[in-house]
Amino acid sequence: MKRAASAALLAALLLTAGCAPPARDAAPVARDGAATEKLLERLRERIEAVRSFRCEGTMLLETETEKHFIHFQARYRRPDRLRVDLDVGGPLGLGSGRLTVAERGDTLEALLPDEEFPRRGLIGDPSFAFLDETGLGFGDAAYLIAPFTGRPDLFTPHRLLASARDGRTGAERLVLQRDDGNREVLIADPAAGRLLERRVTRPGGEVLLICFYGDEKGGGDPFPEETECRIPRKRTILRTRYGSTTLNPDLPDRIFRADHLLP
């Protein structure tokens with residue numbers, strides 16, 4: 001199942017890494033509880049407003065020794081449906097052709113380019129035990145595609161562990177408690193109500209995932225121009241640039257199967 005693990009890692013998380021960049025030097029100022037709760041509310045509203053999306057673009061997958069350009073298509077439906085289709089080449093060790101990974105709640109499917117039938121398993125199944133290498137779950141996969149994914153109930157005051165505002169940039173740093181025991185560290189722009197950075201960390205501080213979100217495209221399109229994500233344990237960097245994006249399309253459940261052919 002090693003190749004299936006590699007395929008799922010590439011597509012569902014395309015999990016990136018590289019050494020974690022150093023924490024930003026902030027000049028914290030006193031916390032304003034009302035302003036922080038208002039920011040959480042704005043972020044939650046943005047996530048709730050994106051019920052689904054369809055997008056395509058290119059990814060640069062960079063390890064310590066290799067670089068690969070990959071074209072991708074992604075479909076997401078809140079809160080736990082994700083499908084990523086990638087055109088991959090032989091150097092990735094997966095064969096050449098279309099690689100598909102689909103997530104439906106606790107179920108994962110991976111269809112490799114040179115295989116006729118998808119590999120299926122439950123999240124946590126030994127077949128996909130490579131997740132233990134990253135410390136992440138597939139619920140984090142959509143973060144690599146867009147900042148406004150995930151469960152809106154994360155952005156609630158009762159999950160807030162700490163907050164501080166950078167006196168120089170005005171950005172707010174929020175630390176939120178997740179159900180899986182990990183923590184989510186957000187850097188947000190209070191004025192625009194958008195996420196600039198999203199991290200998943202262990203309670204002891206180890207960084208499992210970092211995503212940096214660039215400037216939004218504008219014109220009502222909340223996708224960033226570019227996303228850079230890293231996973232320190234895997235020493236890989238993923239840079240994503242977006243082509244076409246569609247917000248809130250009707251995405252039936254059948255498309256979140258690796259063996260379903262898309263138009």
Side-chain angles (χ1 to χ4, degrees), residues 2 5-6 8-28 31 36 40 43 47 59-66 79-80 82 101 103 106 108 122-151 153-156 158-166 169 171-188 195-214 227-240:
K2 187 175 181 180
S6 299
L9 183 65
L10 170 66
L13 288 177
L14 266 180
L15 280 178
T16 55
C19 296
R24 296 173 178 171
D25 262 339
R31 173 184 167 188
T36 298
L40 282 171
L43 294 174
I47 286 179
M59 295 174 171
L60 172 60
L61 179 66
E62 186 173 352
T63 70
E64 292 180 305
T65 59
E66 297 180 87
D80 57 6
L82 177 66
V101 171
E103 176 197 355
D106 292 333
L108 173 72
L122 296 175
I123 306 290
D125 185 285
S127 303
F128 301 105
F130 67 91
L131 284 172
D132 293 339
E133 300 174 10
T134 65
L136 295 161
F138 278 98
D140 301 308
Y143 293 1
L144 282 77
I145 307 296
F148 38 75
T149 57
R151 307 189 73 92
D153 62 5
L154 177 67
F155 296 83
T156 52
H158 77 275
R159 294 184 180 271
L160 185 66
L161 299 176
S163 68
R165 183 163 55 86
D166 188 321
T169 67
E172 187 89 7
R173 182 179 185 273
L174 308 171
V175 182
L176 303 171
Q177 182 65 57
R178 298 180 7 150
D179 289 337
D180 61 5
N182 290 332
R183 295 175 178 178
E184 201 134 329
V185 181
L186 311 175
I187 307 296
L195 288 174
L196 306 175
E197 180 182 326
R198 196 165 190 169
R199 296 186 177 211
V200 179
T201 71
R202 289 198 180 280
E206 180 190 5
V207 179
L208 302 177
L209 172 67
I210 315 162
C211 289
F212 303 98
Y213 303 110
T227 296
E228 177 179 314
C229 295
R230 303 170 176 230
I231 293 182
R233 288 187 180 185
K234 301 301 292 183
R235 296 189 177 279
T236 308
I237 300 174
L238 181 70
R239 295 184 176 91
T240 302

message: Can you tell me how far apart SG (Cys229) and CD (Glu197) are? Round to the nearest 0.5 Å.
response: 10.5 Å
field: Closest approach of Tyr143 to Tyr213 (non-hydrogen atoms, all atoms of both residues)
entry: O-OH, 2.8 Å
task: Taking all non-hydrogen atoms of both residues into account, name the closest pair between Asp153 and Thr156 and its distance.
output: O-OG1, 2.9 Å
query: When rounded to the nearest 0.5 angstrom, what is the spacing between CD1 in Ile210 and CZ in Arg198?
result: 14.0 Å
statement: So CD of Glu172 and CG of Asp166: to nearest 0.5 Å the spacing works out to 10.0 Å
message: Looking at every heavy atom in both Leu195 and Ala188, which two are closest together, and how far apart are they?
response: CD2-CB, 4.2 Å
- prompt: Would Val101 and Leu108 count as a side-chain contact (heavy atoms from CB on, under 4.5 Å) if you check the C-alpha gap in whole Å, the side-chain angles of each, and the deciding distance to 0.1 Å?
  reply: CA-CA 7 Å; Val101 171; Leu108 173 72; 3.5 Å; yes
- request: Decide side-chain contact (heavy atoms from CB on, under 4.5 Å) for Leu160 and Leu174; before the verdict, give the C-alpha distance in whole Å, the side-chain angles of both, and the deciding distance to 0.1 Å.
  value: CA-CA 7 Å; Leu160 185 66; Leu174 308 171; 4.2 Å; yes
- request: Taking ring pair (Phe, Tyr, Trp, His ring centres under 6.0 Å) as the test, write out the residues that go with Phe148, two or more places apart.
  value: Phe223
- prompt: What pair of heavy atoms forms the shortest contact from Pro203 to Arg183, and how long is it?
  reply: O-NH1, 3.8 Å
- line: Rounded to the nearest 0.5 angstrom, the CD1-CG distance for Ile47 and Leu154 is 7.5 Å
- prompt: Between OG1 of Thr63 and NZ of Lys234, what distance do you get to the nearest 0.5 Å?
  reply: 11.0 Å
message: Using modelled atom types and a 3.5 Å cut-off, is there a donor and acceptor pairing between side-chain atoms of Arg178 and backbone atoms of Glu184?
response: no
message: For Leu196 versus Ala171, what's the shortest heavy-atom pair and its separation?
response: CD1-CB, 4.4 Å
Pair Asp179-Arg159, side-chain contact (heavy atoms from CB on, under 4.5 Å): steps then yes or no: CA-CA 9 Å; Asp179 289 337; Arg159 294 184 180 271; 3.0 Å; yes
query: Which value, rounded to the nearest 0.5 Å, describes the distance between Leu43 atom CG and Leu176 atom CG?
result: 9.0 Å
message: If we ignore hydrogens and angles and just use 3.5 Å, is the side chain of Arg230 paired with the main-chain N or O of Ile237 as donor and acceptor?
response: no
statement: Taking every heavy atom of Asp180 against every heavy atom of Asn182, the minimum-distance pair comes out as OD1-N, 2.9 Å
field: Partner residues of Arg173 under the side chain to side chain contact (heavy atoms under 4.5 Å, CB included) criterion, sequence neighbours left out
entry: Val175, Val185, Ile187
